[in-house]
**Q** 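Got a structure here, written out as structure tokens. Questions coming.
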Amino acid sequence: MEKKANLTKQEQKLLSMLKIGRKNIKTTKVLLKEMQLEGSSRGMRYLREMIRTLRLKYKVPILSMRNSNENGYFIAETTDEIMEYIAPIS
């Protein structure tokens, strides 16, 4: 596992904006605004790529929810949140 000290400034900024627990979910739109990224597909691709890097390279348990009540990203607080996230996938 690589050290978190190797994060880019943008990755560090994103990580500081993501909060722990499902109750602290943030939408893509809010994250784009807070990161001062354009709201275009290019900005969304860049944001999603940073999230992917944090998940895979740095093992940050970032989850995403997409349903009628909750949409967005958050850092998993419990194992139950992770299991609930992966259940539909497996």
Side-chain angles (χ1 to χ4, degrees):
M1 179 167 86
E2 301 216 17
K3 295 182 181 179
K4 290 192 173 49
N6 295 334
L7 293 171
T8 66
K9 288 184 181 186
Q10 286 288 72
E11 290 167 344
Q12 289 174 5
K13 186 176 180 180
L14 176 59
L15 191 55
S16 71
M17 289 178 187
L18 290 169
K19 302 302 178 198
I20 297 174
R22 184 183 205 162
K23 63 189 174 293
N24 296 310
I25 197 165
K26 285 194 175 185
T27 65
T28 302
K29 188 175 184 177
V30 168
L31 289 171
L32 286 169
K33 186 175 181 179
E34 289 178 353
M35 295 282 300
Q36 298 175 340
L37 296 172
E38 57 185 277
S40 68
S41 59
R42 182 179 178 173
M44 288 190 285
R45 266 194 312 273
Y46 181 66
L47 177 69
R48 289 181 181 138
E49 183 59 35
M50 280 193 295
I51 289 170
R52 183 178 186 278
T53 299
L54 289 171
R55 284 174 171 163
L56 299 177
K57 188 175 181 180
Y58 298 103
K59 310 297 186 221
V60 179
I62 300 171
L63 303 181
S64 60
M65 302 298 289
R66 287 184 179 85
N67 63 40
S68 60
N69 297 330
E70 299 171 305
N71 293 308
Y73 296 95
F74 63 97
I75 298 174
E77 184 172 25
T78 65
T79 306
D80 289 339
E81 284 179 341
I82 295 171
M83 297 308 292
E84 185 179 330
Y85 174 78
I86 63 171
I89 299 169
S90 51

**Q** With rounding to the nearest 0.5 angstrom, report the CG to CD1 distance, Leu54 to Ile62.
**A** 4.5 Å

**Q** According to a hydrophobic-cluster definition based on side-chain heavy atoms being under 4.5 Å apart (Ile, Leu, Val, Met, Phe, Trp, Tyr only), do Leu7 and Ile20 belong together?
**A** yes

**Q** Output, in order, the C-alpha distance, side-chain angles, deciding distance and verdict of side chain to side chain contact (heavy atoms under 4.5 Å, CB included) for Asn71 and Thr28.
**A** CA-CA 8 Å; Asn71 293 308; Thr28 302; over 6 Å; no

**Q** I'd like to know whether Leu37 forms a side chain to side chain contact (heavy atoms under 4.5 Å, CB included) with Gln10, so could you lay out the CA-CA distance, the side-chain angles of the two residues, the decisive distance to 0.1 Å, and finally the verdict.
**A** CA-CA 10 Å; Leu37 296 172; Gln10 286 288 72; 3.9 Å; yes

**Q** Taking a hydrophobic cluster as the set of Ile, Leu, Val, Met, Phe, Trp and Tyr residues connected by side-chain heavy atoms closer than 4.5 Å, whether directly or through intermediates, do Leu56 and Tyr46 fall within one such cluster?
**A** no

**Q** Are there over 12 heavy-atom neighbours, none belonging to Lys13, within less than 6.0 Å of that residue's NZ?
**A** yes

**Q** Is it true that, when you exclude Arg52 itself, more than 12 heavy atoms of the residues, nucleotides or ligands shown sit nearer than 6.0 Å to its CZ?
**A** no

**Q** Treat each ILVMFWY residue as a node, draw an edge where side-chain heavy atoms are under 4.5 Å apart, and state whether Met17 and Ile75 are in one component.
**A** yes

**Q** With Glu38, which residues qualify under salt bridge (Lys or Arg N to Asp or Glu O under 4.0 Å), at least two apart?
**A** none

**Q** Rounded to the nearest 0.5 Å, how far apart are OH of Tyr73 and CG of Leu47?
**A** 6.0 Å

**Q** Which one of Lys26, Lys19, Arg22 satisfies the side chain to side chain contact (heavy atoms under 4.5 Å, CB included) criterion with Phe74?
**A** Arg22

**Q** Out of curiosity, does Leu63 fall in the hydrophobic cluster containing Met83 (side-chain heavy atoms, cut-off under 4.5 Å, transitive links)?
**A** yes

**Q** Roughly how far apart are Glu77 CD and Ile82 CD1, rounded to 0.5 Å?
**A** 11.0 Å

**Q** Does the pair Leu31 and Leu18 meet the rule for a side chain to side chain contact (heavy atoms under 4.5 Å, CB included), with working shown?
**A** CA-CA 8 Å; Leu31 289 171; Leu18 290 169; 4.0 Å; yes

**Q** Mind checking what makes salt bridge (Lys or Arg N to Asp or Glu O under 4.0 Å) contact with Lys9, not counting sequence neighbours?
**A** none

**Q** Under the criterion side chain to side chain contact (heavy atoms under 4.5 Å, CB included), I'd like the reasoning laid out for Glu11 against Val60: C-alpha separation, chi angles, the key distance, then a yes or no.
**A** CA-CA 11 Å; Glu11 290 167 344; Val60 179; over 6 Å; no

